[in-house]
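Structure, as C-alpha cells:
Chain naming here is simple, since letters A, B, ... match the order of the sequence lines and numbering starts at 1 in each.
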Amino acid sequence: MTRLMDNKINFQQLVEQFAKASGMSRNWSEQFVKSFFDIISEKVIEEGLVKVKGLGTFKLVATENRESVNVNTGERIVIEGHQKINFIPESELKEFINQPFSAFETIQLNDEQVEELARMDDESSNSAKEEAATSVSSDSAEQTEVKPVTKPVVLVGPLLPAGGARNGEAHHIHPAFRFIGKVLVWVLSVALALGVVAYAVWPALFVVLFKDVEPNRDGSGMSYTSQFEFEVQPADTINADTVIADTVIADTVVADTVVADTITEIGSFDISETESLASAEQAAVADRTASSGTLVLLASDEMRDLSEITAADTVNYLIVGELEKYVIGNGDTFTKLALKYYGSKKLWPYIAKCNNVDVNKLKAGDVVSIPILVNR
Amino acid sequence: MNNKQFLTQLSGKCSIDDSQASEHVQTLVKVLQQIWHDGDAVSLSGFGVLEVRKKNERISVNPTTGIRMLVPPKLVLTFKPSSILKEKLK
C-alpha cells in the first residue's frame, strides 16, 4: 500500500470546509465536527461498535497473543493480545473511493503470463538500480570520475615485485607499446569526432593509457597486463552493478573493436593482452558512464526521460492527449506497453482508461492509443 | 451503537433534532469524500488519520485449485487511530 499524497487536512481546515458546505456558523460547525469524532472514539471504546451512515463502521477487534522474533537479538518474544480499532467503510463509499480503478476486474492468468510478469518485475528493479546509479549528484560524479586515474598509481606499489620479474620482457616490447599508444591516440581523435557521448567517455581511457606508458618509460617494469587486469577487476564489478544506456555501450563497443583490431595487426601483443586491454577500456567507460548522469541522459531516448517524471504513482497523472497509435501484436499486454512507453508497468491502467476497452477481450491486430501523461 | 443512536447522541450535544443531525452528517461525509477524492488525508488529533491508500496490483493464488489471478490495483480508505486513542484502549 502506498501513500498517495502528503497533504493532510487538519481539524480547523475540515471545520472550515464543513461550515462552507452546511452554511452554518463556524463556531457551531466546530462543535459539530468535534462532537462527531468525539462520540465515535468514545463509543467505540465503550460499546465496541459505532455505525455511521454514509461513512462506515468503527469496530473494536481483539487480537490474540502471538509469537514474534526480536529483529536485533533473534530472541523469541510474545506480543500480548490487545484490542484494536478497525474501520470498515460502507460499500458505497468504498466504490466512490475506488472510482479511478473501477474499470478493472480480476484476471485469470496462465503460466506464460505469470512468468512474463515475474520477468518484468526483474527488469523494473534493474531499471530502478540504474536510476539510483545515475542520480548521483554532480559533485560525487566528479569524484568518481577521478577513480580510473588514481587507481593505477596506488596499485603500482604492490605490483612492483611481480613487474620486476618480468622486467626484461617489458623492456623488449617497449617500442611497440609506444607505437600502439600513437595508434590509439589517432583512433581516439577519430572517436572524439564521433560525438558528444564519445567525447565525454574517451578522455578517461586516454588518461588510463598514459598512466600506464609512463612507468615503462622509466624502466620500472610495470607490464601492461598486470596493471590492466588489476584495473579491470574493481571496474568490472561496477559494470555489473550498473546498467549502462544502450547507445553508449554500442558506441564504445564499436570503438573498442577498432582499437583491438589495430593492436592485433601490429602483432606485438598476444590475444589475451588485447582482450584485457579492451575490457579495461570498457570498464573505464562503464565507470565513467555510471558516474555521470548527463551521459546516460544523452544516450537515453525521450521516453526514458518521461519515465523519470511518471515513475511515482498511478493516480497522480492526467491524460492530456495521444502520443501514438499502437497495433497490438501477439503476446502484447498493457503492462508491457506501459513499461515500453513510460518505463513503468504500473502505469498500465492509464492505457486501459484511455482506450475504454475490456482488457480480457483484446486481440492481436487491435489498435490502441497510447496517452500522453502529465503529472498532476 | 447503530446510526440512530449515534444521531441521538450527536443531536443532544449540538442542540439540534435528529433529522437535522442526519442532514449535517451527510454534509460532513460529502466534505470528507471531496477531500479523499482530491487525494488528501484527514488528520485529526485525538482521533486518527483517515486517508486513501493505493493497493498495488498483485497475483493471488487460489490454494485449492492453484489458479493464479491478477488482482487489479485499488484505492482503499484506511483509518489509523491516533496514539492517544490507542492509549485509551489499554
Side-chain angles (χ1 to χ4, degrees), chain A residues 1-11 14 17-18 21-22 24 28 31-33 35-37 39-41 43 45 47 49-56 58 60 82-87 89 93-94 96-101 104-109 113-114 117 313-316 346 349, chain B residues 1-3 5-7 9-10 13-14 16 21-57 59-60 67-79 81-82 85-86 88-90:
Chain A
M1 285 217 287
T2 40
R3 168 168 278 151
L4 299 178
M5 270 188 206
D6 271 338
N7 195 6
K8 280 185 179 171
I9 304 286
N10 61 24
F11 180 71
L14 179 63
Q17 291 193 20
F18 173 72
S22 65
M24 304 296 277
W28 187 86
Q31 199 201 341
F32 178 81
V33 177
S35 321
F36 181 88
F37 289 105
I39 294 170
I40 294 176
S41 54
K43 292 296 172 185
I45 294 172
E47 302 185 17
L49 181 94
V50 178
K51 268 187 182 167
V52 182
K53 207 179 161 210
L55 197 62
F58 291 86
L60 215 54
H82 56 273
Q83 295 205 299
K84 65 176 185 183
I85 297 169
N86 257 12
F87 170 60
L93 181 59
K94 240 186 203 168
F96 173 80
I97 298 284
N98 196 39
Q99 242 173 22
F101 291 146
F104 309 124
E105 281 168 22
T106 306
I107 307 161
Q108 194 171 319
L109 296 173
Q113 285 169 318
V114 173
L117 283 171
D313 221 275
T314 325
V315 279
N316 294 333
K346 284 183 181 156
Chain B
M1 188 186 211
N2 60 30
N3 188 52
Q5 288 167 307
F6 177 75
L7 288 179
Q9 283 266 338
L10 194 61
K13 273 202 177 183
C14 300
I16 44 172
S22 167
E23 266 174 44
H24 286 306
V25 167
Q26 275 179 29
T27 316
L28 182 57
V29 170
K30 281 252 165 64
V31 169
L32 290 169
Q33 278 188 355
Q34 190 53 49
I35 292 169
W36 291 320
H37 181 79
D38 297 342
D40 296 338
V42 179
S43 170
L44 304 163
S45 56
F47 184 71
V49 183
L50 284 157
E51 71 172 327
V52 175
R53 283 176 161 252
K54 190 190 144 225
K55 282 190 171 176
N56 278 337
E57 56 182 342
I59 296 170
S60 76
I67 292 175
R68 283 163 198 276
M69 314 281 275
L70 180 66
V71 181
K74 59 183 161 191
L75 296 172
V76 289
L77 181 61
T78 60
F79 171 61
S82 76
L85 189 56
K86 277 188 193 164
K88 279 186 194 162
L89 278 175
K90 284 177 184 167

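Smallest separation of non-hydrogen atoms from B:Val29 and A:Lys53: CG2-O, 4.3 Å. Of all heavy-atom pairs between A:Val50 and A:Ile40, the closest is CG2-O, 3.8 Å. Nearest approach of B:Gly46 to B:Ser82, heavy atoms of both residues: C-OG, 3.4 Å. Considering all non-hydrogen atoms of both residues, A:Phe104 and B:Pro72 come closest at CB-CB, 3.4 Å.
Options A:Phe58, A:Phe37, A:Phe87 differ in how many heavy-atom pairs under 4.5 Å they form with chain B, and the most are formed by A:Phe37. With chain B as partner, the option from A:Gln99, A:Lys43, A:His82, A:Lys94 having the largest number of non-hydrogen pairs under 4.5 angstrom is A:Lys43. Between chain A and the residues B:Lys74, B:Lys30, B:Gln34, the largest count of heavy-atom pairs under 4.5 Å involves B:Lys74. In terms of heavy-atom pairs under 4.5 Å with chain A, the best-connected choice from B:Gln33, B:Lys13, B:Gln26, B:Glu23 is B:Gln33. For the set B:Leu28, B:Ile16, B:Leu50, B:Val25, the entry with the most heavy-atom pairs within less than 4.5 Å of chain A is B:Leu28. Of the residues considered (B:Arg68, B:Met69, B:His24), B:His24 shows the highest number of contacts with chain A, using heavy-atom pairs under 4.5 Å. When each of B:Ile67, B:Ile35, B:Val71 is checked for heavy-atom pairs under 4.5 Å with chain A, B:Ile35 comes out on top. For the set A:Gly54, A:Ser22, A:Ser41, the count of heavy-atom pairs under 4.5 angstrom toward chain B peaks at A:Ser41. For the set A:Leu55, A:Val33, A:Val52, the count of heavy-atom pairs under 4.5 angstrom toward chain B peaks at A:Val52.
Of the N and O atoms on the side chains of B:Lys54 and B:Asn56, at least one donor lies less than 3.5 Å from an acceptor on the other residue.
For B:Leu10, the parts sitting under 4.5 Å from any heavy atom of chain A are the backbone and the side chain alike. Of the atoms belonging to A:Leu60, it is side-chain heavy atoms, and not backbone ones, that fall under 4.5 Å from chain B. With a threshold of 4.5 angstrom between heavy atoms, B:Leu7 does not approach chain A through any atom at all. No part of B:Lys86 comes within reach of chain A, as not one of its non-hydrogen atoms sits under 4.5 angstrom from that chain. For a residue to count as touching a neighbouring chain, one of its non-hydrogen atoms must lie under 4.5 Å from one of that chain's; by this rule B:Glu57 touches chain A with the side chain only. The contact between A:Phe18 and chain B is made by backbone and side chain atoms together, counting heavy-atom distances below 4.5 Å. Only the side chain of A:Glu47 comes within less than 4.5 Å of a heavy atom in chain B; its backbone stays farther off.
Residues B:Leu75 and A:Pro100 are in side-chain contact: their nearest non-hydrogen atoms beyond the backbone lie under 4.5 Å apart. Residues A:Leu14 and B:Leu32 meet the side-chain proximity criterion, which asks for heavy atoms closer than 4.5 Å. Between A:Phe32 and A:Met24, the closest side-chain pair of non-hydrogen atoms is not below 4.5 Å. In this structure, B:Asn2 and B:Gln5 have side chains that are in contact, with non-hydrogen atoms separated by less than 4.5 Å.
B:Ser43 places no side-chain N or O within donor-acceptor distance of the main-chain N or O of B:Val49, the cut-off being under 3.5 Å.
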